[in-house]
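Everything on this sheet refers to the single structure shown next.
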Amino acid sequence: MEPIRDPEGIEIEYLNRTGVINGRNVIEIGSGDGRLTWRYAPFAASAVAVDPDLDRLAKTVNTRPDTMQTPTAFAQADAQMLPFPDKSFDCAILAWSL
Amino acid sequence: MVHALLEIWRVLASQGSLIDLRPIHDNPPLAVVTAAGRHSVGYVVDETGGVDDRAADEAMAGVVRRGYFTAKMRDSFEFAAYWETLPELLDYADKRWRGKKHLPPQVLDLVRKYINQSDGRARISLTNTIQLAVYQKMKSPSDRSS
């Protein structure tokens with residue numbers, strides 16, 4: 001069973017302090033099971049979660065909060081070959097994945 | 001890693017931002033949290049020697065040195081994960097930490113001791129220090145030289 005991670009919400013507090021997520025088009029590389037995705041997505045203009053593992057992406061989709069209004073998309077891809085045109089995003093997040 | 005960073009550079013808009021969020025290599029502290037308080041029980045031992053961290057640092061430093069990104073800010077914070085039972089922690093450790101981290105026997109003994117002393121509402125807490133770094137996309141070196 002997965003642990004309960006960061007119930008205090010410290011991670012999203014620090015992410016928001018960067019000032020580069022709010023209202024931006026964000027791509028997250030190595031999104032895993034979407035734990036972080038659903039925390040920053042409400043603040044972004046759009047969010048794209050990228051992970052090479054289809055099962056983890058499916059889990060992300062399945063845990064989408066009902067209240068989520070931010071447009072979100074998911075891509076099964078390797079970080080070395082992202083299936084997006086040049087200059088598509090304002091912000092990229094490498095969350096525990098570099 | 002460098003190839004991935006250059007690919008991220010490609011999909012970022014001009015002056016776009018890259019956030020690098022990851023745990024700092026160390027032996028993270030473990031504690032048992034009960035109604036009576038927080039009891040430190042020792043550390044999870046990292047067996048990797050920080051090899052992945054150094055490779056990531058070098059990759060990031062390389063693309064900064066080559067002019068693709070510039071560092072904008074750096075910060076760190078404490079990130080806690082909680083398990084409700086020791087078997088859950090052991091199961092997680094077996095699946096995720098094999099060959100990378102381990103729980104020393106004396107640490108497990110202390111976890112059991114504090115859980116047994118609790119009223120059954122104990123949680124096991126692991127605290128990682130997370131490094132947060134923000135970089136800004138620069139024009140590529142070839143763009144700037146033309």
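In the text below, chain A, chain B and the rest are named by the order of the sequence lines, each starting its count at 1.
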Practice item. Would you mind telling me which of A:Val20, A:Ile29, A:Asp86, A:Asp78 has the largest number of heavy-atom pairs within less than 4.5 Å of chain B? Key: A:Asp86
Exercise for review: Report yes if some heavy atom in the side chain of B:Met73 is under 4.5 Å from a heavy atom in the side chain of A:Thr18; otherwise report no.
Suggested key: yes
Exercise for review: Kindly indicate whether the side chain of B:Glu88, heavy atoms from C-beta on, has any atom under 4.5 Å from the side chain of A:Pro3.
Suggested key: no
Exercise for review: Let me know if B:Ser125 has heavy atoms under 4.5 Å from chain A in its side chain, its backbone, both or neither.
Suggested key: neither
Review point. If you measure from CD1 on A:Ile4 to CD on B:Glu84, what distance do you get to the nearest 0.5 Å?
Key: 4.5 Å
Point to revise | Heavy atoms from other residues, nucleotides or ligands near CD of A:Glu8 exceed 12 (cutoff 6.0 Å) | key: yes
Check your understanding: Given a strict heavy-atom distance threshold of 4.5 Å, which part of B:Leu12 is in contact with chain A: side chain, backbone, both, or neither?
Key -> both
Practice item. Measure B:Glu78 against the heavy atoms of chain A and call it side chain, backbone, both or neither at under 4.5 Å. Key: backbone
**Study point:** Proximity breakdown for B:Tyr82 and chain A, heavy-atom pairs closer than 4.5 Å
**Key:** both
Review point. Where on B:Leu18 is there a heavy atom nearer than 4.5 Å to chain A: the side chain, the backbone, both, or neither?
Key: both
Review point. How about B:Phe77: does its CZ atom have over 12 heavy atoms from other parts shown lying under 6.0 Å from it?
Key: yes
Point to revise | Full working for salt bridge (charged side-chain N to carboxylate O under 4.0 Å, His left out) between A:Glu2 and B:Lys95 | key: CA-CA 11 Å; A:Glu2 292 294 310; B:Lys95 289 175 180 165; over 6 Å; no
Exercise for review: Give a yes or no on whether the backbone of A:Phe84 and the side-chain of B:Arg10 come within a donor-acceptor separation of less than 3.5 Å.
Suggested key: yes
Review point. Got B:Ile19 and A:Cys91 here, is their nearest side-chain heavy-atom distance under 4.5 Å?
Key: yes
Check your understanding: In terms of heavy-atom contacts, does NE2 of B:His3 have more than 12 from other residues, nucleotides or ligands at under 6.0 Å?
Key -> no
Check your understanding: Between B:Glu7 and A:Ala79, is there a donor-acceptor pair closer than 3.5 Å when you use the side chain of the first and the backbone of the second?
Key -> no
Review point. Can you find a pair of side-chain heavy atoms, one from A:Tyr14 and one from B:Phe79, that are under 4.5 Å apart?
Key: no
